[in-house]
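This chain uses plain numbering: 1 for the first residue, then up along the sequence. Remember, it's 1-based here, ligands and their atoms both numbered in the order they're listed.
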Amino acid sequence: MSLELSLKDVLRTTKTHLVKLEKLGVQTVRDMLEFYPRAIESTEITSSFRNIQLGAKNTVSGVLCDVRQERTPRGKKLGKAALVLDDESVLDVVWFQIPYLLRNLKDESRVFLVGKVDRQYGKVQVLNPELHLNQNVHVGSLRAIYPESPPLTSKWFREKMAGLLILAKDMPEIVPTQILSEENFLSKGEAVKQVHSPESAEKWREAKRRLAFEEVFEIQVRVMREKLVREKEAENPYLVLLNAEEVKRDIAGLPFELTTSQKKCLYLILKDYERDRPSHRLMQGDVGSGKTIVSFLAALPILRAGWQVVFLAPTEILASQHFANALNFFPSEFPVELLTGSITPAQKKKIKMRLQSGEIKILIGTHAVLTSDTEFQHLGFAVIDEQHRFGVEQRSRLAREHTHVLAMTATPIPRTLALTIYGDQDLCRIDELPPGRKPIITRVVADMQKIELMNRFIDDQIGKQRQIFWVCPLIDESDKIEAKNVKAEFDRIANEVFPHRKIEFLHGKMRPREKNAVMTRFKEGVFDILVSTSVIEVGVDIPNATVMVIENSERFGLAQLHQFRGRIGRNDMQSYCFLMVGKKDDAQKERLRAMEKSNDGLYLSEIDLKLRGMGELYGTRQSGLPDLRCADLTDVEMLQNARDWALKILKEDLELKAYPALKKRVEEGEVYF
Ligand code: ADP
Ligand code: MG
């Protein structure tokens, strides 16, 4: 058996289990072994009353007798039994659902129960325990607890993992020997074994520490290597000295005053042009903070020097929006063109020729623009809007041209995360909104009465010519279901809730042209409510939209919710965001309450990072950010240590010739923008 074997050939399990695993990105034996548990618990066996901890989970062993079925006064079936311990004391056992195993059990068999033991009406009772007939991977020692998502339970993981652990020793070791010995780390194989099936709590922590290091180390090596390679090869062919007078004049020509942090970011970008290497900067700023204008102002000195500029947006809608703004902003001596997937091949060819000759100075388009047959005369500056992940081809393309690169994102990035995955870039942040914006009022809406109120409020807003975004979550990632959800919600809202209003819908499965048309109609005020999935773009400007409803908001990370919310409140009108929840209990969650209290994206993302960890923060699989399983991104010391080691290794051996396994792994992965 090998690590690369597909799980469907190796595991005896159901199709639904396999499908769910695949959704989690777990397909091979190696993926499975790298699906680490989040915690462990002790199942040390007790068979005398003296050792039982009342009010806590215990693993007790004894002889099960008097197994019977009873009905509650309300008619619900309960399973009941008595467990006689070795010291002859007796516990009452109650099951809400009669365990399958009980059916074949002979009276007076020895069993192992894992469950909470408590005093009830004077008797000691084990409530709804797990039942095991012998000592197995679930009882007797320490056991792993996995991140569960139905039908994948910890029990299932433990049983399947047990059969695969013999392969742990074959796991490739990517951490260099020198680090293993100096940091006193377990080998990879040993760590994987100990993390799933630990000998002791101490060993489990050791395994976690080592695996966490590896996760961060791998990213650091990849990211820092990218930077070092870039810097080694490059000088800066697009060097412009900062001309303060000119910049002042540019700013004075704007219809509004720049905020202080916009000015600061602009200054940093312009200073980058003076350095001896091409720059690479990430500008973070909440939705609506005014990143676009900063990037436009930053383009001017490059254009005046006679070079070209490209603006890349993730969708056609956003590209068109940038195009309209650019036509407005840039003086006519700098011709602007829009290049997207939906223009004809003939037009495309013409644009590309004019680009190569240097006639077009500013190109705006989707990320697809940057293919190898798009030749610039002198590409001095590339702006990448709202995209975290960037294709290898496009990346090396920009590196080859030694272009200055500015990536922009509304995704809040906690400091520790920035240190890790954006370790190779300079960062700046616009941390204020333009003056006059009113903070969005956010409310969690849980019960029927509040929903009634909300609907009436929405109707009232529509009466005032305001427009509404209505977001439905993506319950399943499959496209078909996505479209169906939106359609069903649309039908309900259009027919039952607001039959007298004009409503349309939008989902990721529609063609770009259709999406464009819907967005344009919405912008023009042709209809009142837009029902959409969460996959549609965040940057679109609909000035009249003042209300956003988010269904099943508990499913989203706070950073994500905050981004959705950013689509409203983009001018001086008061805006409102309603967070609906699937179950009433979800409304109590601290996380959603934080949305009511704060409008600060960075603060919210830091809360989420603490409460739920990385995977949940941005909806990792959608955002394309790496999925860290062990590493705690609030552990600054560990992050710094991994970074120091990565730099040390790379300084000695940039090609990673001495570390083939590390090299392979690093080159398989991607760098994040
Ligand atoms: P984002 O950072 O989300 O990309 P935009 O660049 O789209 O935000 O800016 C949102 C809106 O705010 C635009 O209409 C823009 O013209 C306007 N804007 C930007 N900066 C300022 C400012 N300093 N004062 C007033 N309005 C501004
Ligand atoms: Mg934007």
Q: Report the distance from atom CE of Met573 to atom CD of Gln461, rounding to the nearest 0.5 Å.
A: 9.5 Å
(Q) Distance under 4.0 Å to a non-hydrogen atom of Lys291: what atoms of ligand 1 satisfy this? (A) 1 (P), 2 (O), 3 (O), 4 (O), 6 (O), 8 (O)
Q. Could you state the interatomic distance from OG1 (Thr403) to CD (Gln308), rounded to the nearest 0.5 Å?
A. 10.0 Å
Q. Any idea which of Arg567, Arg437, Met283 brings a heavy atom closest to atom 17 (C) of ligand 1?
A. Arg437
**Q.** Closest approach of Tyr238 to Leu379 (non-hydrogen atoms, all atoms of both residues)
**A.** CE1-O, 3.2 Å
Q: Name the option, out of Phe329, Phe256, Phe296, that contains the heavy atom nearest to atom 22 (C) of ligand 1.
A: Phe256
**Q.** Check: Gly288 N/O within less than 3.5 Å of ligand 1 N/O
**A.** yes
Q. Can you list the atoms of ligand 1 that are under 4.0 Å from a heavy atom of Glu257?
A. 22 (C), 23 (N), 24 (N)
Q | Check: His507/Thr533 side-chain N/O donor and acceptor closer than 3.5 Å | A | no
Q | Short N or O distance, Val287 and ligand 1, threshold 3.5 Å exclusive | A | no
(Q) Using the side chain to side chain contact (heavy atoms under 4.5 Å, CB included) definition, which of the options Ile529, Asp528, Ile468 pairs with Phe498? (A) Ile529
Q: Would you mind checking if Glu257 and Lys263 are paired as a salt bridge, meaning a charged N to carboxylate O distance below 4.0 Å?
A: yes
Q) Quick one: which ligand 1 atoms are inside 4.0 Å of a heavy atom on Ser289? A) 2 (O), 8 (O)
Q: Using a strict cut-off of 4.0 Å, indicate which atoms of ligand 1 neighbour a heavy atom of Gln262.
A: 19 (C), 20 (N), 22 (C), 23 (N)
Q. Heavy-atom contact under 4.0 Å between Asp286 and ligand 1?
A. yes
Q | Ion pair check, Glu554 and Arg591, cut-off under 4.0 Å | A | no
Q. Between Leu433, Ile293, Thr292, which one has a non-hydrogen atom sitting closest to atom 6 (O) of ligand 1?
A. Thr292
